[in-house]
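Structure first, then comments.
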Amino acid sequence: MEYNHKDIESRWQRYWRDNETYRSKIDPSKPKFYVLDMFPYPSGAGLHVGHPLGYIASDIYSRFKRQQGFNVLHPMGYDAYGLPAEQYAIQTGQHPEKTTTENIARYRSQLDKIGFSFDWSREIRTCDPEYYKWTQWAFMEMFNHYYDLEADKALPISELEERFAAGGADAVKAACSRELHFSADEWKAMSEKERREVLMNYRIAYQGETMVNWCPALGTVLANDEVSEGVSVRGGHPVEQRLMRQWCLRVSAYAPRLLSDLDELEWSDSLKETQRNWIGRSEGAEMRFPVKDSDIELEIFTTRADTIFGVTFMVLAPESKYVDMLTTPEQAEAVKAYLAEVKHKTERERQIEKRVSGVFTGSYAVNPLTGKEIPVWVSDYVLAGYGTGAIMAVPAHDSRDYAFARRFDLPVIPLIEGADVSEESFDAKEGIMINSAGPELNLNGLTVKEAIATTKRFIEEKGLGKVKVNFRLRDAIFSRQRYWGEPFPVYYKEGIPYLMEESALPLELPEVDSYLPTSDGQPPLGRAKGWTTPEGYPIELCTMPGFAGSSAYYLRYMDPRNDHELVGEEADGYWQDVDLYVGGAEHATGHLIYSRFWNKFLYDLGKVVKKEPFRKLVNQGMIQGRTSFVYRIKDTNTFVSHGLKGDYDTTPIRVDISLVSNDILDCEGFRNWRPDFADAEFLTEADGKYHCGWAVEKMSKSMFNVVNPDDIVERYGADTLRLYEMFLGPLEQSKPWDTNGIDGVNRFLRKFVGLFSRADLAAKDAPMSREESKVVNKLIKKVTQDIENFSFNTSVAAFMIAVNDLSALKSTNAEAIRIITVLLAPFAPHIAEEIWHELGGEGSVTVAAWPEWDEEAIKDDSVKYPVSFNGKARFVVEVPAGTSPKEVEAIALADPAAAKWIEGKEVKKVIVVPGKIVNIVVK
RNA sequence: GGAGAAAUGGUGGAAUGGUAGACACGGGGGACUUAAAAUCCCCUGGCCCUUAUCGGCUGUGUGGGUUCGAGUCCCACUUUCUCUACCA
């Protein structure tokens, strides 16, 4: 048989499509297995070889599980809303839907060529009204629920209203934006508008005045995970802080559950740790400091209650409500000027400058333990959004407080024995306390740990404050001033937001004449004609962010065409949750938090059966580019090979990766590449070839190092691409794409075809020899275990060894070929299918039963084994633990089996592995 | 500043605490061929000894430790990568 990959692959891809081989249906007689890939955003650039890495791994696993008898759900779709399509629309005037549809078509054709076993009948697109109907529905449910802290779950807002009517605000413990206090009578006396304002404080999807990340260049707000180091993740534009009225999701209410439920997930430790840090639980104390000559008490949060005797000043965030309350008339001018200055600085500028700034309010607080008066300052190093927006400053033991104290010449009191605070603060939480004695509390001599506990107990007993757990996780800002996203099913009556009727869903995105904001600064939807309810009330102009559509898509795949529920009870009850989720670690603090939150909310509502959406998660590593360089001798058009460049003064130039093969430059192609290289001269090495240099860089067009999977498929075939991507190295590790070794796996496939061609098909039922059986059973064991461990690179190696071993045995056994074909099916499904049918197999090999290995066949046979083991014999000897190598050697040589082997030969060497194996080398 | 991961030949990488370097690339040599490609066979961590064989020594970033035995476990350090950050 000839290995013609184009013919074989297109034929079997058509067969799978025509026979709906990978279509999955609910089947209670079989155990389910749900394998999911993070769905792609269809960008204009198409797929490069890095994208399919995770898809190939999950496809191998899906096929493997299918062969093991599981009913596998393995769907694919598109995260179709996003900024790039909208930016492109602004530039070209093309509707984002058009470019998105085109990009999706391109992605689909690229994916199809790789031979994935996706169930395309379940495809979803987040921009499809049939899909985003359920995104809007979830928002409405969140609007209609609050988080009850006693029940520790979301409850309907109507219950909250009943409880307000019965007992006022204090009758309910609920997650809220601000602590409110009112009686039942006051509640009953409120107007509808007032009540709605109160309820907004409790809703899980709520509108709030919050400090947001405003990106002027993009004209929209961004969530915390969409901002990194003061610039937008997409585009790298500066981001500033602004107080705006925005839709938010009360993700913070779920922080404790998001944290504790991490324990039961099979995720990598590093990913769990990233989420733990992002959720950021910190245990501390909330304390009140009375303000001198005033009734006001300043509330602060600290994790270092032990340092209370070292507080030499207090600091407020510029946005803190205390600033107005505490600024004295004499300081009013200075404070006002400072606030104006801070407001103009963007987050980025604040971080770059790192300059310590601040202003004195004129007020003094009183340390409740010492009675000492301490000045209250305002500074932008304190964040309004964390804790209470006010801190007690302990310059001796906090580096930020220290910098501030040095800048404004405030006192520094060391509290830990031996800490030298003349140059810098001592931030470590260790040591013995000093200088920490007051009239009622003495911490001197205690360790820091003991002091923290003692102080906490003391302030609780004295009513100075309370022990409090704070979370870093903030509520997610849920509006974007953008066009290409889900519209909110919300309209405004007298400025108050109301939900539309559920029957209005899906609320479809209207047409606009331009995708830019309106002249008066409204979002693009401000341009939509008739964007009102039938009664004429205006509809919300913002749209939802990217994570809205990607938060529950895994549920929709279970029941994608259900038009009366997000997911039906039967489908959810059967498929339950994602057993294996494969995708990039960059979603750790975005999508993977939001999805977990969204799922937990639906769980509270009883809409889904599982607390967590993704049971096991594997992060595939990034594939970087391998950029090739040529070296031009300065001021000439002569290029010198990498090995000779030391002798010349050269400039490295990036060269398109398609002109380079195994680091050898295609000189003719290079001359034709760009006009200014048309008359290039080459100084080659001794072998007459031009060798390129290389470096690992991000894969991108500008580096000329993008490798398109289509090209690999065209040249080597999808099976080679699949095997090679797995052979490249461990799945979770980042690695550069390097085509240098691809010939190796291609050669393996051709060898396997060759082995099959020599097989004796006439004697199909002939049993395998002892040696053949050993090779095959070893392979079954190795591949089965490797797939379970996601160690795909070593299983590819195992296939190569098996085929080489069978070739060496000159095997013509058809049964051996048949088993290897079944094992190979998840990795290289096309060629496996072809050979399976040539062998007379029925149906599709990709659903053929996975073989079991026979441990007996693999066992080492100490009589025969040395023949093929370079003169080494291997024996197992039993010895007590702790036996020295010398003693084991003596026991081994006395062993009857060993003695038989040694008889008449000279013992050259004894390699001892106590309790396990002894290798005896003889001459 | 914090957290996590990693460090093994010319290269990508293998090694349940038990013969380090599987497998592949690259390189060298040979067979076949008029020739090339393809294919097949042999060698390929370093150093030393030897005409060759046979052999010896050394070797998993650095320094310690645990162990009969460490690439693997523990401690410290160095370097690299990733994530994250005025979070009190």
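In the text below, chain A, chain B and the rest are named by the order of the sequence lines, each starting its count at 1.
For R281(A) against rC87(B), a side-chain-to-base donor-acceptor contact under 3.5 Å is absent.
With RNA chain B read from its 5' end, the first of the two nearest nucleotides for R304(A) and T794(A) is the one closest to T794(A). Taking for each of L271(A) and K735(A) the nucleotide of RNA chain B with the nearest heavy atom, the 5'-most of the two is the partner of L271(A).
Across the protein-nucleic acid pair, Y716(A) atom OH and rA24(B) atom C1' stand 14 Å apart, rounded to whole Å. The CG-C1' distance, from L298(A) to rA88(B), rounds to 14 Å in whole Å. Between the CZ atom of F792(A) and the C1' atom of rC23(B) there is a distance of 17 Å, given to the nearest Å. Remark: P of rG4(B) and CH2 of W267(A) are 18 Å apart, rounded to the nearest angstrom. In this structure, W377(A) atom CH2 and rC86(B) atom P are separated by 23 Å, rounded to whole Å. What separates CZ of R472(A) from C1' of rA3(B) is a distance of 11 Å, to the nearest Å. What separates CZ of F727(A) from P of rA22(B) is a distance of 11 Å, to the nearest Å. One can place CZ of F748(A) at 24 Å from P of rG12(B), the figure rounded to the nearest angstrom.
Taking the six-membered ring where tryptophan is involved, the planes of F792(A) and F827(A) are perpendicular, since the angle between them exceeds 60° and thus also 30°.
Nearest nucleotide to the side chain of R474(A), out of rC23(B), rC87(B), rA88(B): rC87(B). The side chain of W278(A) lies closest to rU84(B) when the candidates are rU84(B), rA88(B), rA22(B). Closest to the side chain of T303(A), from the set rA88(B), rA14(B), rC25(B), is rA88(B). Of the candidate nucleotides rA88(B), rG13(B), rA22(B), rA22(B) has the atom nearest to the side chain of I801(A).
F313(A) has its ring centre no less than 6.0 Å from the ring centre of F408(A). Aromatic ring centres of F756(A) and F752(A) lie farther apart than the 6.0 Å criterion allows.
Residue contacts shown for P730(A) are limited to sugar-phosphate atoms, with no base heavy atom under 4.0 Å away. In this structure, D401(A) reaches neither bases nor backbone, as no heavy-atom distance under 4.0 Å exists between it and the strands shown. Residue contacts shown for L728(A) are limited to sugar-phosphate atoms, with no base heavy atom under 4.0 Å away.
Taking atom C1' on both rG61(B) and rA52(B), the two are 38 Å apart, rounded to the nearest angstrom. When the C1' atom is compared between rA15(B) and rG64(B), the two are found 25 Å apart, to the nearest whole Å. Comparing rU53(B) with rU44(B), their P atoms are spaced 11 Å from each other, to the whole Å. Separating the C1' atom of rA22(B) from that of rA36(B) is a span of 34 Å, rounded to the nearest Å. Taking atom C1' in both rG59(B) and rG46(B), the straight-line distance is 7 Å, to the nearest Å. When the P atom is used for both rG30(B) and rA24(B), the distance is 23 Å, rounded to whole Å. Across the C1' atoms, rA5(B) and rU66(B) are found 25 Å apart, a figure rounded to whole Å. Nucleotides rG71(B) and rU19(B), compared at atom P, are 10 Å apart to the nearest Å.
Taking 4.0 angstrom as the limit, N804(A) places none of its side-chain polar atoms (N or O) nearer than this to OP1 or OP2 of rC23(B). At rA88(B), one or more side-chain N or O atoms of Y386(A) fall inside 4.0 Å of OP1 or OP2 (strictly under the cut-off). In terms of phosphate contacts, N277(A) brings no side-chain nitrogen or oxygen within less than 4.0 Å of OP1 or OP2 of rC87(B). When the side-chain nitrogen and oxygen atoms of R400(A) are compared with OP1 and OP2 of rC87(B), one or more of them lie within a distance under 4.0 Å.
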Output one line per pair: protein atom, nucleotide atom from nucleotides 75-83 of chain B, and distance, for all N/O pairs under 3.5 Å.
none

Considering only nitrogen or oxygen atoms on both sides, find all protein atoms under 3.5 Å from nucleotides 38-45 of chain B and state each distance.
unit_1  : atom_1 : unit_2  : atom_2 : d
rU39(B) : OP1    : R750(A) : NH2    : 2.7

Between the protein and nucleotides 5-11 of chain B, list the N/O to N/O atom pairs that are separated by less than 3.5 angstrom.
none

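Annotation for T455(A) and I308(A): closest pair CG2-CG2, 4.2 Å, computed over non-hydrogen atoms. Nearest heavy atoms, Y402(A) versus E423(A): OH-C, 3.3 Å. A pairwise comparison of heavy atoms in S268(A) and N619(A) identifies OG-OD1, 4.0 Å as the closest pair. Contact detail for V421(A) and A396(A): the closest heavy-atom pair is CG1-O, 3.6 Å. In terms of heavy-atom proximity, S252(A) sits nearest to D475(A) at OG-OD1, 2.5 Å.
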Apply salt bridge (charged side-chain N to carboxylate O under 4.0 Å, His left out) to residues D786(A) and K781(A) and explain how you reach the verdict. CA-CA 8 Å; D786(A) 278 352; K781(A) 182 176 183 180; over 6 Å; no

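A donor-acceptor contact under 3.5 angstrom links the side chains of S282(A) and Y386(A), judged on distance only. The closest side-chain donor-acceptor pair between S425(A) and D398(A), if any, does not fall under 3.5 angstrom. A side-chain donor-acceptor contact under 3.5 Å links D743(A) and Y716(A). No side-chain donor-acceptor contact under 3.5 Å links N746(A) and Y724(A).
Stem analysis of RNA chain B (Watson-Crick or G-U pairs, both distances under 3.5 Å, runs of at least three) returns B:1-7 with B:78-84, B:10-12 with B:23-25, B:26-31 with B:39-44, B:45-48 with B:55-58, B:61-65 with B:73-77.
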Below 3.5 Å, can you tabulate the donor-acceptor pairs from side chains in residues 465-472 of chain A to any protein atom, sequence neighbours excluded?
unit_1  : atom_1 : unit_2  : atom_2 : d
K468(A) : NZ     : E286(A) : OE2    : 3.4
R472(A) : NE     : N277(A) : O      : 3.4
R472(A) : NE     : W278(A) : O      : 3.3

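Salt bridge status for R276(A) with D263(A): present, with a side-chain N to carboxylate O gap under 4.0 Å.
Using a 90° window around 0 for the glycosidic torsion, rG9(B) falls inside it and is classed as syn.
For residues 304-318 of chain A, the side chain to side chain donor-acceptor pair (under 3.5 Å) pairs, not counting sequence neighbours, are R304(A)-D306(A).
Looking only at side-chain heavy atoms (C-beta outward), L779(A) and K774(A) stay at 4.5 Å or farther from each other.
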